[in-house]
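First up is the structure itself, then whatever we jot down about it.
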2 protein chains.
Amino acid sequence: MGHRAEPEHTHPDDVPVQAVFAALADPVRLGIVRELAGSPEWTRACGSFDVPVGKAALSHHFAVLRSAGLIEQRDDGAKRVNRLRCAEFEARFPGLLDLVVRG
Amino acid sequence: MGHRAEPEHTHPDDVPVQAVFAALADPVRLGIVRELAGSPEWTRACGSFDVPVGKAALSHHFAVLRSAGLIEQRDDGAKRVNRLRCAEFEARFPGLLDLVVRG
DNA sequence: CTGGGTGTTCAATGGGTATCGAACACTTTG
DNA sequence: CAAAGTGTTCGATACCCATTGAACACCCAG
């Protein structure tokens, strides 16, 4: 009954703008964020996204999104589910998330 | 009285968000935009910015900012002066420029 | 016309990072 | 327990891009 190492989260307040730009400059990550924005919180597991990369790269992208303060992750059984940090992110970077979604 | 090749401009409306993020993900370009935001239009020549790179790299960065729809350039004698496309950019990406300046 | 200043282009180099395959850890189901 | 599913980590590879120095073009002041 061992625990799995919980992912390290970074609050949007502790993230420089440049890091956010770098995180969103990648097409795969941008797609993930958009897909996540259209789903209810905690409903999307990491493997449920329509991305053209393998699991290894995917895991890397989620780590980047986490350290950019864009997403939060929680373990739910064997899966790791995600949510977009809409409120916190909007408070720190007003309007940014809207721009991402609208394209 | 030959003309010098005028720089190719791209209107913000024709720029995908991802390209803007990529442009602003670089520290040198971010610095240029910020410095430009604090100066009156058409007052700053390319060489007048406080950046830790040579002229060649600098010229490259300006080309990127141009093709991202962030700046406009005009030849003024031997110099090439710049302006931030505040209005057009704000219309296309509301709030983004503010985020850049505020850090 | 000559010289100094400004900016662009080119070829070459280096560094960062996106990607993959394989191995591993954990969970749930059979 | 065995097997299948989910996600992470590691080592290796490849590619993109920021940077440089040198050569060039243009403008202006002597």
Side-chain angles (χ1 to χ4, degrees), chain A residues 1-10 16 18-33 35-36 42-68 70-83, chain B residues 1-10 16 18-33 35-36 42-68 70-83:
Chain A
M1 47 177 292
H3 276 306
R4 175 163 41 161
E6 292 176 9
E8 289 184 10
H9 288 107
T10 308
Q18 188 182 326
V20 177
F21 289 149
L24 296 173
D26 182 275
V28 174
R29 290 193 286 266
L30 201 56
I32 293 176
V33 170
E35 222 171 315
L36 207 46
W42 307 121
T43 62
R44 306 294 305 269
C46 293
S48 74
F49 291 82
D50 184 24
V51 288
V53 295
K55 329 188 285 181
L58 189 57
S59 183
H60 163 66
H61 286 303
F62 275 105
V64 173
L65 290 176
R66 241 185 299 134
S67 80
L70 274 158
I71 68 170
E72 191 177 359
Q73 300 187 303
R74 169 202 297 174
D75 286 347
D76 178 34
K79 311 194 174 181
R80 179 161 285 186
V81 290
N82 305 272
R83 87 168 185 97
Chain B
M1 53 176 289
H3 276 306
R4 174 161 45 161
E6 293 175 8
E8 288 184 9
H9 288 107
T10 308
Q18 187 182 325
V20 177
F21 289 149
L24 296 174
D26 182 275
V28 174
R29 290 192 288 265
L30 202 56
I32 292 176
V33 170
E35 222 170 317
L36 207 47
W42 308 120
T43 62
R44 305 295 305 269
C46 294
S48 73
F49 290 82
D50 184 24
V51 288
V53 296
K55 330 187 285 182
L58 188 56
S59 182
H60 164 66
H61 286 304
F62 275 105
V64 173
L65 291 176
R66 240 185 299 136
S67 80
L70 275 158
I71 67 169
E72 190 177 359
Q73 300 187 304
R74 167 203 297 174
D75 285 348
D76 178 34
K79 311 193 172 182
R80 179 161 284 185
V81 289
N82 304 272
R83 85 169 186 99

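To find a chain, count down the sequence lines: A is the first, B the second, and so on, and within it residues start at 1. No hydrogens, no waters, no symmetry mates; every other heavy atom, side chains included, goes into these values.
Atom-to-atom, CG of B:Asp76 to C1' of D:dC27 comes out at 11 Å; the value is rounded to the nearest Å. Rounded to whole Å, the distance from CZ on B:Arg74 to C1' on C:dG7 is 17 Å. Between A:Phe62 atom CZ and D:dT6 atom C1' the separation is 12 Å, expressed in whole Å. Between the CG atom of B:Leu65 and the P atom of C:dT8 there is a distance of 12 Å, rounded to whole Å. What separates CG of A:Leu58 from C1' of D:dT9 is a distance of 14 Å, to the nearest Å. Atom CD of A:Glu6 is separated from atom P of D:dT8 by 13 Å (rounded to the nearest Å). The distance from atom CZ of B:Arg29 to atom P of D:dT19 is 8 Å, rounded to the nearest whole Å. Atom CD in A:Gln73 sits about 16 Å away from atom P in D:dT6, given to the nearest Å.
Which of C:dA18, D:dC10, C:dT27 sits closest to the side chain of A:Ala56 comes down to D:dC10. The side chain of A:Lys79 has D:dG7 as its nearest neighbour among D:dG7, C:dG7, C:dT19. For B:His60, counting side-chain heavy atoms from C-beta on, the closest listed nucleotide (D:dT19, D:dT8, C:dG5) is D:dT19. When the nucleotides C:dA18, D:dC26, C:dT8 are ranked by their closest atom to the side chain of B:Arg4, D:dC26 comes out on top. Closest to the B:Arg80 side chain, of the nucleotides C:dT19, C:dG7, D:dT8, is C:dG7. Checked against D:dA18, D:dG7, C:dT8, the side chain of A:Ala45 finds its nearest nucleotide in D:dG7.
Side-chain N or O atoms of B:His9 include none that pairs as donor or acceptor with a backbone N or O of B:Arg66 at under 3.5 Å. When atom types are taken as modelled, the side chain of A:Ser67 and the backbone of A:Val64 share a donor-acceptor pair closer than 3.5 angstrom.
When each of A:Lys55 and B:Asp26 is assigned the nucleotide of DNA chain D bearing its nearest heavy atom, the one mapping closer to the 5' terminus is A:Lys55.
Residues B:Arg44 and B:Glu35 are paired through a salt bridge, judged by an N-O separation under 4.0 Å between the basic side chain and the carboxylate.
One finds a side-chain N or O of A:His61 lying less than 4.0 angstrom from the OP1 or OP2 phosphate oxygen of C:dT19.
For the atom pair CG (A:Asp26) and CZ (B:Phe21), the distance works out to 12.5 Å, reported to the nearest 0.5 Å.
Checked by atom type, the side-chain pair A:Arg29/A:His61 shows a donor-acceptor distance below 3.5 Å.
B:Asp75 comes within contact range of no nucleotide atom at all, as no heavy-atom separation falls under 4.0 Å.
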